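Structure first, then comments.
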Amino acid sequence: VTAAVEDDQNPQNTQAATKSPQPQNTNHLNDSINAEINAIFTHHRPPVDVASQILKAASTVDADDSVMSLAVALDSIIHFVPLDNTPIRPIILVGLAGAGKTVTAAKLAADAILSGYSTALLSTDTLKAGADAQITSYTAILKIDAVIAQNPKMLEAAIKQCKAAGNQVIIVDTPGINPYDSEDIALLQTIISTVDGEPVLVAPAGGDSEEAREISTLFADLGCRRFIATKLDTVRRYGSVLSIAKAGPLAIAGVGASPYIGDRIESLNPVSLARLLAAQPKTAATQKSASHSQKSPASKSQVSA
């Protein structure tokens, strides 16, 4: 009788077979998702430190989709605090000249009116040419009176009248300022203290991300805790939006993507922001080429006819 030991019964082989499994890699971000998120950052160009922080957060997410990985990462490092239709305090829109404060004020007023709230729209912008005509044209559409305050005392009186009249929503438009000019800063501080409301930064999308971060930090020092990003329809890179959101205690209150007051300020959440960033719309040159190619067959048929 011949006895033999099978290979799988070998003590060494048995030890190898029963050996504890190796720890799994905790980085769930596969190469394709990593490449997709990097492509998003390459397109939108946020500051390097912001992109690195978001990518690091996304690398811990167990997801098969780059948008969802990005959304979870954004949720962990960016705050989203939409504006309420009935704010307890007046909303004071502040920012640089040309940021879109007046049209944003009109949009917020329109939204409040459509929701059934008594609304007042005040303007302290007496510096910009045509400012009175612009605000008056908006309030005429909204069928409310335009309240224009020439100085802080008039503004204080107007606020009291609005509250006495039972206005549930009070929105104050302010002149565009230079955040590096001490006189402009002093004027805005006076307006904010006079109104005793919440200053909300209105900042256009696009532009240099580092500049946006520095400017938003200055407005945060004035008491801003939320911001509205505007003019998303006129730019193709939103790195400055991420930059502002990471500059300090500034939460995203909403975004505007149209110059028309009928198009409301839209609120954002981590998923909708991730989708917005991932969309990466076509460049103007690409759109022009596509438009030309679509028109070409029609032109040929017209010539043939």
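Bear in mind that the values here come from a model prediction, so they are computed numbers and not experimental data.
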Any donor-acceptor pair under 3.5 Å from [X] side chain to [Y] backbone:
X	Y	result
His43	Leu277	no
Thr174	Thr124	no
Asn269	Ser272	yes
Asn38	Asn34	yes
Lys101	Leu96	yes

Inset, instruction - Go through the steps for Thr119 and Leu121 under the test side-chain contact (heavy atoms from CB on, under 4.5 Å), then give the verdict. - result: CA-CA 7 Å; Thr119 305; Leu121 180 55; 5.7 Å; no

Inset, instruction - For Glu183, look at atom CD and say whether over 12 heavy atoms of other residues, nucleotides or ligands are found less than 6.0 Å away. - result: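 Atom CD in Glu183 is not crowded, with 12 or fewer foreign heavy atoms closer than 6.0 Å.
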
Legend entry - Asp181 atom CG, neighbour heavy-atom count above 12 within 6.0 Å: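 Yes, the 6.0 Å shell around CG holds more than 12 heavy atoms from other groups.
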
Check for me, please, whether [X] and [Y] land in the same ILVMFWY cluster - side-chain distances under 4.5 Å, paths through other members count.
X	Y	value
Leu276	Leu74	yes
Phe80	Leu232	yes
Tyr117	Ile265	yes
Leu142	Leu114	no
Leu55	Ile33	yes

Legend entry - Residue pair Val94 / Leu188, side-chain heavy-atom distance below 4.5 Å: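 Of all side-chain heavy-atom pairs linking Leu188 with Val94, at least one is under 4.5 Å.
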
Legend entry - Any side-chain heavy-atom pair of Ile252 and Phe227 under 4.5 Å: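 SC-SC contact between Ile252 and Phe227 confirmed.
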
Name the atoms and distances for all side-chain donor-acceptor pairs under 3.5 Å in residues 103-110, with sequence neighbours left out.
unit_1, atom_1, unit_2, atom_2, d
Thr104, OG1, Gly100, O, 2.6
Lys107, NZ, Ser258, O, 2.4
Lys107, NZ, Asp263, O, 3.3

Measure the [atom1]-[atom2] distance between [X] and [Y] for me, rounded to the nearest 0.5 Å.
X	Y	atom1	atom2	answer
Leu273	Leu242	CG	CG	6.0 Å
Leu250	Phe219	CG	CZ	10.5 Å
Thr136	Gln134	OG1	CD	10.0 Å
Cys224	Ile192	SG	CD1	6.0 Å
Ile91	Leu122	CD1	CG	13.0 Å
Ile244	Thr217	CD1	OG1	9.5 Å

Inset, instruction - Would you list the pairs meeting salt bridge (Lys or Arg N to Asp or Glu O under 4.0 Å) in which at least one residue belongs to residues 136-148, sequence neighbours left out? - result: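 Qualifying pairs: none.
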
Results of side-chain hydrogen bond (donor to acceptor under 3.5 Å, both in side chains) for [X] - residues two or more places apart only:
X	answer
Ser66	Glu36
Glu211	Tyr180
Ser267	none
Gln53	none

Which pair of heavy atoms, one from [X] and one from [Y], lies closest together, and at what distance?
X	Y	answer
Ala278	Val67	CB-CG2, 3.8 Å
Ile177	Pro179	O-CD, 3.5 Å
Ala212	Ser240	CB-CB, 3.8 Å
Ala58	Ser69	CB-O, 3.8 Å

Legend entry - Side-chain cluster (under 4.5 Å, hydrophobic types only) that Met68 belongs to, other residues: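 Met68 clusters with Val271.
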
Inset, instruction - Give me the other members of the hydrophobic cluster that Val48 sits in, counting Ile, Leu, Val, Met, Phe, Trp and Tyr linked by side-chain heavy atoms under 4.5 Å, directly or via other members. - result: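 For Val48, no cluster forms, as it stays isolated from other hydrophobic side chains.
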
Legend entry - Test applied, side chain to side chain contact (heavy atoms under 4.5 Å, CB included); reference residue, Thr139; option that passes from Ile144, Val147, Ile148: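 The option that passes is Ile144.
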
Legend entry - Intermediate values then yes/no, side-chain contact (heavy atoms from CB on, under 4.5 Å), Phe41 and Val50: CA-CA 10 Å; Phe41 293 149; Val50 174; over 6 Å; no

Legend entry - Pairs meeting criterion side-chain hydrogen bond (donor to acceptor under 3.5 Å, both in side chains) with involvement of residues 193-210, two or more places apart: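 Sorted pair list: Glu198-Arg226, Glu210-Arg213.
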
Legend entry - Listed partners of Asp111 passing salt bridge (Lys or Arg N to Asp or Glu O under 4.0 Å), at least two apart: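 Testing Asp111 for salt bridge (Lys or Arg N to Asp or Glu O under 4.0 Å), a comparison that skips the adjacent residues, returns Arg264.
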
Legend entry - Contacts of Asp233 that satisfy salt bridge (Lys or Arg N to Asp or Glu O under 4.0 Å) - sequence neighbours left out: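 If we apply the salt bridge (Lys or Arg N to Asp or Glu O under 4.0 Å) test to Asp233, skipping adjacent residues, there are no hits.
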
All N/O donor-acceptor pairs, side-chain side in residues 155-172, below 3.5 Å, sequence neighbours left out:
unit_1, atom_1, unit_2, atom_2, d
Asn167, ND2, Ser118, OG, 2.9
Gln168, OE1, Ser118, N, 3.0

Legend entry - Residue pair Ser216, Leu201: steps toward the side-chain contact (heavy atoms from CB on, under 4.5 Å) verdict: CA-CA 8 Å; Ser216 63; Leu201 174 63; 4.0 Å; yes

Legend entry - Any side-chain donor near an acceptor of the partner, Ser52 and Asp49, under 3.5 Å: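 No - no donor-acceptor pair under 3.5 Å links their side chains.
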
